[in-house]
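Worksheet for the structure shown next.
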Amino acid sequence: MNGQAQAAAQQDVPSPAEDSTPAPAPAAVSAPAPSSAPAVSVRAAGEADVEAAAVLFRGYLDFYEVDIEDPDAPRAFLAERIAKDESLVLLADVPEAGTVGFAQVYRGFSSLSLRTAWVLNDLYVAPEGRRTGAGRALLREVLRRAREAGVSGVQLETAYDNTVAQGLYEAEGFVREEFHVYFHDLG
């Protein structure tokens, strides 16, 4: 997913919205994992989780080959989003593997539905956490919280060649839209 290209015809620029803030949820939610894998628990990240989340965020940026000049910039960016409650950051924990995945959601508005909408901007599972069900657990938790918050829908995008992610998204009910996504880089 290219976080900078999250614009779509049916959604305005994301911004925090009080009525789209997720209702409090249990500290951790367990999701079924593949039969041979241990259960995955998903939790909202707080300020105490910034370092663990930043390691995963950096892995996500590396996966998409994003060049970062300041090695502390990803941690600082994530810390600011969490501290200001500008995004919902979820972490996936797998027994004996630790925190292996993260998702980051931005709250926004849909002009066409006249309601709030969410953008699942980032979803990443570290190599050691893949095939444990962590990605699916994160995705399901985002959708559960979105339903609880009464948002109109959750939007995401991924790379054309990321067929594994596309398969997961489609299996969980996401539908490929017919809109073209444009982005104008302002440097």
Side-chain angles (χ1 to χ4, degrees), residues 1-3 5-6 8 10-11 14 20-46 49 52-53 55-64 78 81-82 86-95 97-108 110 115-177 179 181:
M1 283 176 279
N2 179 343
Q6 289 295 334
Q10 79 277 16
Q11 185 167 347
S20 67
T21 301
V29 176
S30 293
S35 58
S36 63
V40 177
S41 63
V42 177
R43 60 191 166 86
D49 297 304
V55 169
L56 293 164
F57 188 41
R58 183 58 198 230
Y60 169 80
L61 295 171
D62 289 345
F63 179 83
Y64 280 104
L78 202 56
R81 301 292 77 72
I82 292 171
E86 293 177 337
S87 68
L88 168 65
V89 176
L90 298 174
L91 298 174
D93 297 309
V94 173
T99 304
V100 298
F102 93 106
Q104 182 164 213
V105 176
Y106 294 109
R107 302 163 190 106
S110 168
R115 294 172 51 201
T116 55
W118 286 3
V119 175
L120 175 52
N121 206 71
D122 313 312
L123 177 63
Y124 176 76
V125 177
E128 64 272 17
R130 294 183 186 153
R131 307 204 57 78
T132 64
R136 186 175 307 275
L138 285 162
L139 190 58
R140 287 180 175 175
E141 182 63 8
V142 167
L143 294 172
R144 185 190 72 75
R145 287 174 182 247
R147 281 185 196 96
E148 277 188 5
V151 303
S152 64
V154 176
Q155 176 187 334
L156 60 79
E157 63 183 57
T158 192
Y160 288 112
D161 62 350
N162 194 343
T163 57
V164 172
Q166 292 168 26
L168 171 63
Y169 302 146
E170 291 170 13
E172 292 299 321
F174 284 83
V175 177
R176 190 181 314 245
E177 293 189 335
F179 292 96
V181 177

Can you tell whether the side chains of Glu141 and Arg144 come within less than 4.0 Å, N to carboxylate O?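 Salt bridge between Glu141 and Arg144, a charged N being under 4.0 Å from a carboxylate O: yes.
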How long is the gap from [atom1] on [X] to [atom2] on [Y], to the nearest 0.5 Å?
X	Y	atom1	atom2	answer
Leu156	Asp122	CG	CG	11.0 Å
Leu78	Glu86	CG	CD	11.5 Å
Leu138	Leu143	CG	CG	11.0 Å
Gln155	Phe179	CD	CZ	9.5 Å

Show the nearest heavy-atom pair for residues [X] and [Y], with the distance to one decimal.
X	Y	result
Val40	Ala137	CG1-CB, 3.8 Å
Ala103	Val142	CB-CG2, 4.2 Å
Trp118	Ala149	CZ2-CB, 3.9 Å
Ala126	Leu56	CB-CD2, 3.9 Å
Gly129	Ala134	O-CB, 4.1 Å
Gly150	Arg115	O-NH2, 2.9 Å

With sequence neighbours excluded, tell me which residues meet side-chain contact (heavy atoms from CB on, under 4.5 Å) with Ala45.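 Result, side-chain contact (heavy atoms from CB on, under 4.5 Å) vs Ala45: Asp49, Ile82, Val89, Leu91.
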For residues 163-173, which residue pairs qualify under salt bridge (charged side-chain N to carboxylate O under 4.0 Å, His left out), counting only residues two or more places apart or in two chains?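 Checked against salt bridge (charged side-chain N to carboxylate O under 4.0 Å, His left out) - neighbours excluded - the pairs reaching residues 163-173 are Arg136-Glu172, Arg140-Glu172, Glu170-Arg176.
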Backbone of Val125 reached by a side-chain donor or acceptor of Arg130 within 3.5 Å: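 Such a contact is found between Arg130 side chain and Val125 backbone.
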Give a yes or no answer on whether the side chain of Arg81 reaches the backbone of Ser87 with a donor-acceptor pair at less than 3.5 Å.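 Not at all, since once roles are kept as given, no pair shorter than 3.5 Å links the two residues.
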Got [X] and [Y] here, is their nearest side-chain heavy-atom distance under 4.5 Å?
X	Y	answer
Leu90	Gln104	no
Tyr169	Leu123	yes
Asp93	Val100	no
Thr99	Val94	no
Tyr106	Leu88	no
Val105	Asn121	no

With a 6.0 Å cut-off on ring centres, are Phe102 and Phe57 close enough?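 Judged by ring-centre distance (under 6.0 Å), Phe102 and Phe57 do meet the cut-off.
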Would Thr158 and Gln166 satisfy side chain to side chain contact (heavy atoms under 4.5 Å, CB included), going step by step from the backbone distance to the final call? CA-CA 7 Å; Thr158 192; Gln166 292 168 26; 3.6 Å; yes
